Amino acid sequence: MSQINRIKGGLIDRSQKLEFRFNGRVFHGHQGDTLASALLANGQRLVGRSFKYHRPRGIFTAGSEEPNALVQLRSGAFQEPNTRATVAQLFDGLEATSQNHIGSLDFDLMAAVDLMSPFLSAGFYYKTFMWPKAFWEKLYEPIIRKSAGLGSLSMREDPDVYDKGFLHCDILIIGAGPAGLSAALSAGRAGVRVILADEDFVLGGRLNSETFVVDGQPGGDWAARALAELASLPNVRIMARTTIWGAYDHGVFGALERRTDHLAQSAGHPRQILWRVTAKRSILAAGSIERPIAFGNNDRPGIMLAGAVRTYVNRFGVAPGKQVTVFTNNDDGWRTATDLAQKGVRISAIVDSRDIAPLTSLPDAEIVMGGRVVDTAGRKGISTCTLANGQKIKTDCLAVSGGWSPNVHLTCHQRGRPEWQSDIAAFVPGQNLPANMAVVGTANGLLTLGEALRSGHQIAEGTVSDLGFTAARHSAPVADNEASGVSAFWYVGESRKRAWLDFQNDVTVKDVKLAYAEGFRSVEHLKRYTTLGMATDQGKTANIPALAIMAECTGKTIPETGTTIFRPPYTPVPIGALAGRSRGKDFRPYRLTPSHKWAKQNGASFVEVGNWLRAQWYARAGEKGWRNSVDREVTMTRNSVGICDVTTLGKIDIQGRDAAQFLNRVYTNAFLKLPVGRVRYGLMLREDGIAYDDGTTARLGENHYVMTTTTANAGLVFQRLEFARQCLFPGLDVHLISVTDGWAQFAIAGPNSRKLVQKVVDGLDMSNEAFPFMACAETTVFGGTKARLFRISFSGEMAYEIAVPARLGNSMMQGLMEAGAKFDAVAYGTEALGVMRIEKGHAAGNELNGQTTALDLGLGGFMSKKKDYIGKTLSERAELTHEDAMRLVGFRPVERSKPLVAGAHFIAQGQEANTENDEGWMSSVAFSPTLGHSIGLGFIRRGHVRMGEVVTAYSPARGGNIAVEIVSPHFIDPEGGRQRG
Amino acid sequence: MIIDHPLLGPRDAAEFTYLGDATLINRPDPAAPDAADGFYEYLYLRDNPAGEHNELWYHEQGDRAWLVVSRNTLTHEITKVELARDVALRLGRDR
Amino acid sequence: MRYSALKVFTQGLTGNKGWKPVWREPDPKPQYNVIIIGGGGHGLATAYYLAKEFGIQSIAVLEKGWIGSGNIGRNTTIVRSNYLLPGNQPFYEMSMKLWENLEQDFNYNAMVSQRSILNLFHSDSQRDAFVRRANAMMLSGADAELASAEDLRRELPFLDFDNARFPIKGGLFQRRGGTVRHDAVAWGYARGADLRGVDIIQNCEVTGFDIKDGVCTGVQTTKGAIKAGKVAVCVAGSSSRVMAKAGIRLPIESHVLQAFVTEGLKPVLPGVITFGVGHFYVSQSDKGGLVFGGNIDGYNTYAQRGNLPVVEDVAEGGMAIMPMIGRARLLRSWGGLMDMSMDGSPFIDKTHISGLYFNGGWCYGGFKATPASGMCYAHLLARDVPHPHATAFRLDRFKRGYLIDEKGQGAQPNLH
Amino acid sequence: MAEFNLRAEPFLGGFSHDYGGAMVEEVTDLSLISIAQPLNGRAALAKAVQSGLGCTLPAPGSSAVAENGDLRLLCLGMDSFLVINSGGMSYDRLAAKLDGAGYTTDQSDNWVALELSGTLAYAILERLCPIDLHPDVFPIGAFARTSIEHLNSIVLRQREDRFLLLCASSSATSFLHALTGSAVLIGLK
């Protein structure tokens, strides 16, 4: 089909012909077209179906407020539902399909639903579908769900990449229409840092859609010149295709820049960039949105907003119809008639609801003052409209103008409420704007061009001097003030037919009246009950007329009735853009231990621990499954020596004259008298008395300690220590710095650990006398490398930990393995570590889960009675100390061959399994290769006095129930002889 | 949100973590006869005002300072930011 | 008026002219037996059950704005009973059972949709924690089902199994969990209460309590003084503000939780999916929008709006776990005020002032609790003893050291 | 003692790539030393820094260069400083020079250091760094400790078009990935 509606003029490049497909049919348009303008140029009026009644839908607007013309763009994994054809820039090869119909767009089988509409009024579904009960999920809801929704996702991973970034400026100007350009010129010339953002791909706003004159030039030319000047200023950043979609606290804005949506392929470039703009000041120049008038069957394709019709004619060189009728309640609508007539488009009639003198006369056009359109006809597009006086007018395009609503959206993102301005019958920005925001132009209710230009200029100059700059000396751009009279006329009461308010969600005037009748009278109730304004356009064109009708029903004024709340985003933002690069493996950064490379080369499997990747076990050739590897690692460690990278434990260097005092206040146990060269286990409570972390602290010097924390809590402990240091005890001289990343630390455990350590440290006496259990030293290893050595044990074996600077960590692992070769040293991972600590009865993350007390954990002996410490007072509360409290004990299966399950609950034998009889839970389990059976740690009421009792470990969720015996948690070497060696 | 750090200037609140009411600085005297009640009220009860609120923020992705920020909980307007340490010293916590 | 398919049909034939207001708009009487402050889900449910189950007459619900204007209309509509601790789980399971019969009970279709809820886990220790939880659920009579990664791959092939930063190791299903049309819950309870004579009074703000000698005898409101035998506060995020008028400080902070919805899409998600590590949960509404959310913003606020970092954090979580949603567009965000308590669990209790009762501290879990909260609060108001399933929700529990801390985070509300 | 020599391995293997318009290089020869200022010890520390390092004590959030030019001192916060030393002075020597006026900790292995230079360095950082790096507000010598792609980092402007970037060494790979990712996303190869 040829471009039958293409006329002369516009900002399209006729030398570039673009081919595109709509529902498989090939069409042509030009560079500079939107999909909507190209469809109109080709005479394609029907472009979609409405949500509920599957009514035919055409293009209604020429901007982002479009409720109707939603299409599915592109194909395959690039398929993009609900794209507004009015903002989709045409490119060669564009593919689009219409949405929400079964069968073809022309013959939608679901269109029959429209005949049922009497039974499908607002909220009908709340009153039915309740019987029989089981039918909701099985029958009714699947049907409703299937018929709801518009476009489809491809169900495949989004193949595009997205990025984010940060921008800063003195003034953010939102909107590059006349007011925005005028403001940008003033600000830019003054030298302040300006960002000028606009959602359109051609800047200039309505200047490109109208036939205005600015400074004696055609408006579009003036805009182009202004933009050229702005582009030449180094302090101005012009961002086209960029929507400022959210105004957040303190001058932070969300901005979406569309980089490749207008191209056939993104070719690896980010499709869109989410910018977080921080602006000292902002100037909102977002313009205004035209609203329709509701009348019978006002939803047919070919019925459009009058301003949009001008846009198609003036900017795109497209006449949306051959016989255009204008229905208006204001002066502005008349310009549609005059502009079109000038381009040679035939105007059938001008119907003005006001009983005033005609603004102008047009040859051939019938002028009906005080007129109303009550109905229209035409199955897939308007063919005639009927006036209240019964007159029928043949027309293929009805241009409707109900006046203009300032685009106050962003002014309300921080709960500001707009105010009613009755002379323009519209809401304008209220008093509570986001901090440091000013509003100019039609967005501020200044509906004429001259005022818009002047306000942009003035506000920008004021802002510039607020910021301490001097405004450049130039005057505001000048234009005439066009006629802009308007009357508050919202719907044609004489219409007997359904009159649409929300075109996408099929909400009609009757629905609003029904909501009123049923008591849903607050605007929020109205919205929620009827779904008005909840479609993809968020009711940009629908809300004001609807609430005016509700105001009429309730007898209140429009400002008393109020608006619903405007919330981000201004226009919808793809989730992919909001996520940026943070997806897949890049969702969060990794932390790698210094021996990661060695581990990878030696068969390690890795496990995520927070952001760390830790070696879980090291598989050797021939091993069948992970248990084989773990059993071997445990056995070889217990029999000789094993090496484990424990770098991930938090390490905090603590220095200061009062460091000992500080530690004494944050640990439950005494720290004042720890000698230099010794390590002590320490337990920390939250102030509420619950245990939350433990570790060891070594005293390296008089005023120098190094603390270890658990891997998981490293950051939290540091934060809480800083809180204690700065907020609770600011009089102490103590300083904290994390050295977690600086030191590669290795545990060397097993009966041969001393021999191995002796081989690598430089000349330190490692005898039990010289370097006993819980000793520490700063020393050197491998001939002069700085190191820290600790004799501490998590496995229960004689054990050491050696730390060397992180860069040497990978090499250190090799060195330790080499030095340990003659002892058959084994590298072990977190699984073996876990097995050994369970065998030894040490609590770890599963036990220190933030719900257990020191008493529960069997660590009551570490709670000093002689001093205060964080958590002391509240740890003494009755419910935390009573007889019946949970205690950490060991468990073994009565039938030794059975595996225990972590997460099982304990029920006394013979008791019914229910919440009341729940006595505790199994926190950690392991297969102990040392004992040859499964062992567990867990909490059970009064566990410490129930040794030997058999209870049921209840776990229907996993593994089933088994009988277990309560035993000491210290399965191995309860006296601790091995570690003291 | 932007927090105007008293030492480092305006920083995005995303660099900070939040703790709560700045009264958490006023840890009670554990030796007081009513220490149990004192700690209960200190740790658990909050004014939770709708309006001006002094609160503790920690510059985790920055200099690790604890700040006392005076912020309106209705408007989010920040009127004052101090180092928590200075506040604590002023309250005599160095004694 | 009883709602039914027949009624919808006959009304449709006669131009839908016969529908009556779903609730009356009465002026307040000078005195009631029970005044419930707060016309949200919990307050309306309390009124409904007080009238229906406990036979109490002369009840008023006072609402500052329009009913359902708080969290009942701002949540992500999820219902579940997958709690861990004995103080909580039986209560939420009771709530689930009430949901299952709610629509027939109050003759309003709230679209209770038991589409299942899934919590993903990514490591053995997370699995162990979920096994503990699953067993606790089953002890209370709830359903729970552990799924392997292979099971999930079959059922939800669009999750990121092959390139995830935190690989999916499995998940915990509660098949009876799901979603409910949130506004309809408020309207259904309001309708049911109104039909039983409860006065629902909108645009009526309580400005003070009449308290003398430790006894609360009524309230002052913007519509005048109203006497009452019992005054029951039930105002969620406004708890501290209202209770301050009675001189009571609470173990509660008010925080904002943002929630999000995309444009309408043809069905893609079968049930609720929760990706805890990535701070993201999502379901799809009957209208087709993906309804999702994540963490609270984390600072005290009464502003009912949040900030950008959390929006991004939530989207990142979403893309990390289901990268097919990249081209779905976020349509709208909003914020609700969460009455975050010090252990993450609620209160349904008397206060030390005779005749003054308190229900709050629901954190971001109040929606699913609505029926049980109403039932238990009504029980307390009618009989002056706690309902057997709400005995743990006492205001003095922190003094005693009885903590219902599901997450083990201690007295820091923004971590719950 | 075992017959084995430990080998220091740069966190990123000495990564270096010229993107044309931007260059990313791992800096492997810096020594980084933190200094904590003892309570009420600012004057003493200032004196020791002046005499020992030939450097004035900068105010919080700003930095100073030593007289001999190979040492830069950053004041990270109220009582903490970071010495960035490319002159090869060892931790022990530097600590000795302060003579107890500050508490020192060797931080050299805590951080990975990358240098980003070239005319497009700014454009790359615009996608990563929340701080306003415009030369008017972030001149040469300015630095900020902030969050880059969820990672705690320090950004220091060394020249108009040259930045030194520090990040926790355990996340070196992810940090480099973020940086090179930005280069690619702004269209470089």
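Labels below follow one simple rule: chain letters A, B, ... track the order of the sequence lines, proteins then strands, and each chain is numbered from 1. For clarity, every value in this text was computed on a predicted model and none was experimentally measured.
- For His882(A), no part sits under 4.5 Å from any heavy atom of chain C, backbone or side chain.
- Looking only at heavy-atom pairs under 4.5 Å with chain A, the residue among Tyr402(C), Tyr108(C), Phe9(C) that has the most is Tyr108(C).
- Proximity to chain A (any heavy atom under 4.5 Å) is shown, for Gln11(C), by neither the backbone nor the side chain.
- With a threshold of 4.5 angstrom between heavy atoms, Met534(A) approaches chain C through its backbone and through its side chain.
- Using a cut-off of 4.0 Å between Lys/Arg side-chain N and Asp/Glu carboxylate O, Asp688(A) and Arg397(C) are scored as not salt-bridged.
- With a 4.5 Å cut-off on side-chain heavy atoms, Arg528(A) and Trp187(C) count as touching.
- Only the side chain of Ile907(A) comes within contact range of chain C, with at least one heavy atom under 4.5 Å from a heavy atom of that chain.
- By the 4.5 Å heavy-atom criterion applied to side chains, Asn109(C) and Trp131(A) are not counted as neighbours.
- Heavy-atom distances place both the backbone and the side chain of Gln414(A) under 4.5 Å from chain C.
- In this structure, Arg165(C) satisfies the cation-pi test against Tyr590(A), with its NZ or CZ atom closer than 6.0 Å to the six-membered ring centre and inside 45 degrees of the ring normal.
- In terms of heavy-atom proximity, Asn135(C) sits nearest to Ala904(A) at ND2-CA, 3.7 Å.
- We find the CZ-CE distance between Phe587(A) and Met319(C) to be 11.5 Å, quoted to the nearest 0.5 Å.
- Looking at Ser154(A), there are no atoms closer than 4.5 Å to chain C (heavy atoms on both sides), in backbone or side chain.
- At a 4.5 Å heavy-atom cutoff, Ala110(C) makes no contact with chain A through either its backbone or its side chain.
- Atom CZ of Arg74(A) and atom CZ of Arg327(C) lie 6.5 Å apart (nearest 0.5 Å).
- Interatomic distance, CZ of Arg958(A) versus CG of Leu172(C), reported as 12.5 Å (0.5 Å rounding).
- The candidate from Arg271(A), Gln99(A), Lys146(A), Glu80(A) with the greatest count of non-hydrogen atom pairs under 4.5 Å with chain C is Arg271(A).
- Between Arg329(C) and Thr83(A), the side chains place a donor N or O and an acceptor N or O closer than 3.5 Å (distance only, hydrogens not considered).
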Item to check | From CA spacing to verdict: side chain to side chain donor-acceptor pair (under 3.5 Å), Tyr126(A), Arg181(C) | outcome: CA-CA 10 Å; Tyr126(A) 298 124; Arg181(C) 169 85 182 98; 2.7 Å; yes
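- Residues Tyr516(A) and Trp19(C) place their aromatic rings such that the two centres sit no closer than 6.0 Å.
- Of the atoms belonging to Gln89(C), not a single heavy atom falls under 4.5 Å from chain A.
- Of the listed residues (Pro157(C), Ala136(C), Ala411(C)), the one with the most heavy-atom contacts under 4.5 Å to chain A is Ala136(C).
- Rounding to the nearest 0.5 Å places CG of Leu150(A) at 8.5 Å from NZ of Lys287(C).
- The residue among Asp343(C), Leu13(C), Leu331(C) with the most heavy atom pairs within less than 4.5 Å of chain A is Leu331(C).
- Taking both residues in full, the closest heavy atoms of Gly335(C) and Arg567(A) are given as N-NH1, 3.6 Å, listed atom of the first, atom of the second, then distance.
- Closest non-hydrogen pair, Leu265(C) versus Pro81(A), comes out as CD2-CG, 3.5 Å.
- Contact of Ala535(A) with chain C is made through the backbone alone, with heavy-atom distances under 4.5 Å.
- In this structure, the side chains of Phe260(C) and Ile575(A) stay at 4.5 Å or more apart for every pair of heavy atoms.
- Heavy atoms of Arg581(A) lying under 4.5 Å from chain C are absent altogether.
- Listed by chain and residue number, Thr508(A) satisfy the side chain to side chain contact (heavy atoms under 4.5 Å, CB included) test with Lys510(A) (two or more places apart in sequence, or in another chain).
- Proximity to chain C is limited to the side chain of Ile690(A), based on heavy atoms less than 4.5 angstrom apart.
- Of the atoms belonging to Phe253(A), it is backbone heavy atoms, and not side-chain ones, that fall under 4.5 Å from chain C.
- Using a 4.5 Å cut-off between heavy atoms, Lys17(C) makes no contact with chain A at all.
- Counting heavy atoms from C-beta outward, Pro568(A) and Arg305(C) have side chains that stay 4.5 Å or more apart.
- Although no hydrogens or angles enter the test, the distance criterion places no donor-acceptor pair under 3.5 Å between the side chain of Asp286(C) and the main chain of Ala148(A).
- Every residue two or more places apart in sequence or in another chain that forms a side chain to side chain contact (heavy atoms under 4.5 Å, CB included) with Ser125(C) is listed here: Asn846(A), Ser123(C).
- Among the candidates Glu157(A), Gln79(A), Glu687(A), His525(A), the residue making the largest number of heavy-atom pairs closer than 4.5 Å to chain C is His525(A).
- The minimum heavy-atom distance between Ala164(C) and Lys585(A), with the atom names listed, is O-NZ, 3.6 Å.
- Residue contact with chain C, scored on non-hydrogen atoms closer than 4.5 Å, is absent for Lys513(A).
- With respect to the salt-bridge test (charged N to carboxylate O, under 4.0 angstrom), the residues Glu103(C) and Lys133(A) do not qualify.
- Of the atoms belonging to Leu874(A), not a single heavy atom falls under 4.5 Å from chain C.
- For Pro86(C), the parts lying near chain A are the backbone and the side chain together; criterion is any non-hydrogen pair under 4.5 Å.
- Between chain A and the options Leu403(C), Asp124(C), Val277(C), Asn163(C), the largest number of non-hydrogen pairs under 4.5 Å is found for Asn163(C).
- Contacts between Pro589(A) and chain C at a heavy-atom distance below 4.5 Å involve the backbone alone (N, CA, C, O).
- Listed options Ile67(C), Thr262(C), Val314(C), Leu6(C) were ranked by heavy-atom pairs under 4.5 angstrom with chain A; first place goes to Ile67(C).
- Contact annotation for Tyr692(A): neither backbone nor side-chain heavy atoms come within less than 4.5 Å of a heavy atom of chain C.
- The contact between Tyr529(A) and chain C is made by backbone and side chain atoms together, counting heavy-atom distances below 4.5 Å.
- When all heavy atoms of Asn16(C) and Leu514(A) are compared, the closest pair comes out as O-CD1, 3.9 Å.
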